[in-house]
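For reference, the structure is listed below as structure tokens.
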There are 4 protein chains.
Amino acid sequence: MVSERTAYDEKLESILRTSAAIFADKGYHQASIRDIARATNVSLSGLYYYFKSKEELLFLIQDHAFGTLIHEAEEMLLGVDDPVRKIRLLIENHLRFFIGNMAEMKVLSHEAGSLTGDFRRRVNAKKRRLSEIAMGILRELRPDGGLDLRVATFSLFGMMNWIYNWYRPESDVPVERLAADMSRLFLGGYLQSASQLPDAARQAAPGEQHPSIWRTTAPH
Amino acid sequence: MVSERTAYDEKLESILRTSAAIFADKGYHQASIRDIARATNVSLSGLYYYFKSKEELLFLIQDHAFGTLIHEAEEMLLGVDDPVRKIRLLIENHLRFFIGNMAEMKVLSHEAGSLTGDFRRRVNAKKRRLSEIAMGILRELRPDGGLDLRVATFSLFGMMNWIYNWYRPESDVPVERLAADMSRLFLGGYLQSASQLPDAARQAAPGEQHPSIWRTTAPH
Amino acid sequence: MVSERTAYDEKLESILRTSAAIFADKGYHQASIRDIARATNVSLSGLYYYFKSKEELLFLIQDHAFGTLIHEAEEMLLGVDDPVRKIRLLIENHLRFFIGNMAEMKVLSHEAGSLTGDFRRRVNAKKRRLSEIAMGILRELRPDGGLDLRVATFSLFGMMNWIYNWYRPESDVPVERLAADMSRLFLGGYLQSASQLPDAARQAAPGEQHPSIWRTTAPH
Amino acid sequence: MVSERTAYDEKLESILRTSAAIFADKGYHQASIRDIARATNVSLSGLYYYFKSKEELLFLIQDHAFGTLIHEAEEMLLGVDDPVRKIRLLIENHLRFFIGNMAEMKVLSHEAGSLTGDFRRRVNAKKRRLSEIAMGILRELRPDGGLDLRVATFSLFGMMNWIYNWYRPESDVPVERLAADMSRLFLGGYLQSASQLPDAARQAAPGEQHPSIWRTTAPH
DNA sequence: TATGAATGAGGCTTCATTCAT
DNA sequence: CATGAATGAAGCCTCATTCAT
């Protein structure tokens, strides 16, 4: 039996989509419910039929988007064994989703801290699930653990999540190429044993050369 | 003769530092000038002796921090020839600065879009300068251009700038290690020729498997 | 079919009326929106449902009042031919309106310069229309042009518009008499040929007697 | 013995002059003490050496200007007997002063209501003195009292004081002509016996033609 | 005399949200 | 389902004024 998509559902989703675009554009806190009313052609008070508060609206967007993202990831990984292929698929999935839903992606990446209380907890749970999937694959890839696992995982997510800051679909490479490049970038480094690196890259940069200057201004 | 650091300068910088911490904590738009007044022990109106508007305050923080970051980077690269060593130093500089100034870093990374007009232009100019430095080095590293240069550059910055989302100094690896790991990660992939990659990583992921589902709304 | 007067319209007009009284009393800039909220029994924010800014409120008052004034004037002059009678009617119309709407009148006369930008332009356009009506009549009255037309026109308006500075309905002459007196005053002078004036009035006052003392600062 | 003009006096007067220009331009309440500090090149706090409050500054300007105006008027009328000539001189004096000191004039005419308490009382006293001089002359001119004396007097002042709203020295007639025209205008009407007026000007305008429309909006 | 630094009071406006209809 | 009208809270900023130096 198939779940019905009622008129209510459709309107809610249309509101979520429009709101995501607005939140992406102006930022969650800058965007006013009035902005959303205007863009959706729903009256100010009419919106509250679909969500109980602005924060819930943000939650719905994030939860919905994250849910989709994870769902797709899990489905895609089903039955794949080769960890290299797995991480490759995860990256492609992530980027494809992000670029196909740039507004939602930006809201996801940028408005993480705008949720509080239970809303935040629930989104964080999903986030953790996703990073655990990734970490699991990375562990499979190098059981010996050449690099710190958290560093590797979040470097990967950093690379990917950051794209909302620079990627422009009209002028940058297409998603396939983006995914291929990032995969090569990440896997090349991650799979490599330390001995394969050129000398200068292996040797530690001299931290002692950095004196007190590292505080923005004089430290005391 | 050295330029004097007046009491005014010192107080302004102390205000900038405190404000950066608050903006980092609550976000620029959530933070109220009252919050800053409270934290700095200056009266609400007294603050306006040091900046003309909340936005100028944000600008001063970003401009100051970016200025320092770039200045250090340029000084550090002076006289270095080996491009591998150069990029290594750039990474270490960046991360060391970010971790030494986590509040400023977060404001830099997260509040890029909160500036408008001329303020935004001026900070963007600095940002561009930094990425051009990086791009220049990456070009030196691989004149043949294995990867798209923008993808490579911003992947690197994404890795680094994202850390404010996950890095905790108490429990994560120290900066030196962080810098070493990220350098390896990036250089390993970036310097590698395509032929060195394992099979599964080289082969394109099957984009055709991703149907229309990529819109946020669909999956039920 | 007549355009409906909705509850919204009525409330807006009541707000305009009350606000005009407050602006007349304390001056536009001295009056606070809080004053208006108090006097109208509408909450501070509730007022903004009826106008977008304090300046728009002032504009609405002026525009509404000026519109009425001009409308009445034009209607009243319809079908009147004798220019003497015309100017007589214009004066009576003006004074009657002003005294019947002392608050609006004062706001009109006194807060001309408090409007800026487009608001100002639009009110000025109406103002110009009114003075052109007057000028037209004055030209008819003396095609030979005994007096400078601008001087005559604005002297007349000066006489009339100034009344908010001194006229008190309880103790001064009633409007009819006021209009009659001002009409006589103005027409007597305006229609008279120079030769009818007493000698001393015709002869120029000796300007040479006024030396440099005319700067404010000088005198003893 | 002559009263010395100390450096203090000179600076005060320069401040008054500059302030008058600013008050004339932006209005008393819009102008900030900071504006005045900027324009006078005196520090904000430095100004308070010359006046105790912004209101006192306004008072000083008005009192000084009115004092000069009346002083000149009285001196000029000394020894003049013919009332026609007297009023002629008064008008010329008034207009010449106003046009020679447009800023002060505007402050005088426009900011009458911005003074409170004793400041206001003292300026009002001067104002009354001036209108009594004028009324006295008008009484001499027509002992029979053809027109209401207050109406005549304040019509005259209205004509004259209103000029700050329209007179532009570059394009309008010169002061001498202005004074001549206004004198003719006023005296022509004021001296004339009712019987000399054209029929239509004498006959009352039909007040009954003005129905309820005279309230800006429906009255209740 | 003169000023740099500071402040309390108050101004306009916007916001998320509610409620009667 | 939907909305017009309304509101309390809060936000940013400016102002006249002061005071130690």
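The sequence lines fix the lettering, A, B, ..., with proteins before strands; numbering per chain opens at 1.
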Plane angle bin for D:H110 and D:Y164 - parallel if under 30°, tilted between 30 and 60°, otherwise perpendicular: perpendicular

Stepwise side chain to side chain contact (heavy atoms under 4.5 Å, CB included) test for C:Y8 and C:Y49: CA-CA 10 Å; C:Y8 173 94; C:Y49 190 72; 3.9 Å; yes

C:D63 bridged to C:R122 by N-O distance under 4.0 Å: no

Touch class at under 4.0 angstrom, heavy-atom based, for C:Y50 against every strand present: sugar-phosphate

Under 4.0 angstrom between B:Y49 side-chain N/O and E:dT7 OP1 or OP2: no

Given DNA chain F, 5'-ward residue of the pair C:Y48 and B:Y48, judged by closest heavy atom: C:Y48

Partner of D:I36 by side-chain contact (heavy atoms from CB on, under 4.5 Å), out of D:L44, D:L57, D:V42: D:L57

Position toward the 5' end of DNA chain E (nearest nucleotide), B:V42 or C:S32: B:V42

Phosphate contact (F:dA2 OP1 or OP2) by A:K11 side-chain N/O below 4.0 Å: yes

Sugar-phosphate only, base, or nothing, as touched by D:S45 at under 4.0 Å among non-hydrogen atoms: base

Base partner of E:dT7, which must satisfy Watson-Crick or wobble distances under 3.5 Å: F:dA16

Whole-Å gap separating P (F:dC13) and CD1 (B:I36): 10 Å

Protein-nucleotide distance (C:E56, atom CD; E:dC12, atom P), rounded to Å: 15 Å

Sugar-phosphate only, base, or nothing, as touched by D:A31 at under 4.0 Å among non-hydrogen atoms: sugar-phosphate

Closest nucleotide among E:dT3, F:dA6, F:dT17 to the D:S53 side chain: F:dT17

Trace of the side chain to side chain contact (heavy atoms under 4.5 Å, CB included) decision for C:H64 with C:L60: CA-CA 6 Å; C:H64 194 47; C:L60 289 175; 5.8 Å; no

Nearest atoms (heavy-atom pairs only) where A:K127 meets A:A112: NZ-CB, 3.2 Å

Along DNA chain F (nearest heavy atom to each residue), the more 5'-positioned of A:Y8 and B:E55: A:Y8

Between P of F:dG11 and CD1 of C:I33, the distance in whole Å: 20 Å

Watson-Crick or G-U wobble mate for E:dT21, both contacts under 3.5 Å: F:dA2

Value in whole Å for how far the C1' atom of F:dT17 lies from CZ of D:F51: 11 Å

Candidates E:dT7, F:dA16, E:dT17 - which lies nearest the side chain of A:R34: E:dT17

Toward the 5' end of DNA chain E, by each residue's nearest nucleotide, B:G46 or A:Y28: B:G46

Gap between atoms CD and P, on A:Q30 and F:dG11 respectively (whole Å): 14 Å

Listed nucleotide nearest any side-chain atom of D:L44, set E:dA6, E:dT3, E:dT1: E:dA6

Contact under 4.0 Å: B:K52 side-chain N or O vs F:dC12 OP1/OP2: no

Integer-rounded Å distance: F:dC1 P and A:N41 CG: 18 Å

Spacing between D:K26 atom NZ and F:dT14 atom C1', to the nearest angstrom: 12 Å

Separation of atom CG in B:L12 from atom P in E:dG4, rounded to whole Å: 17 Å

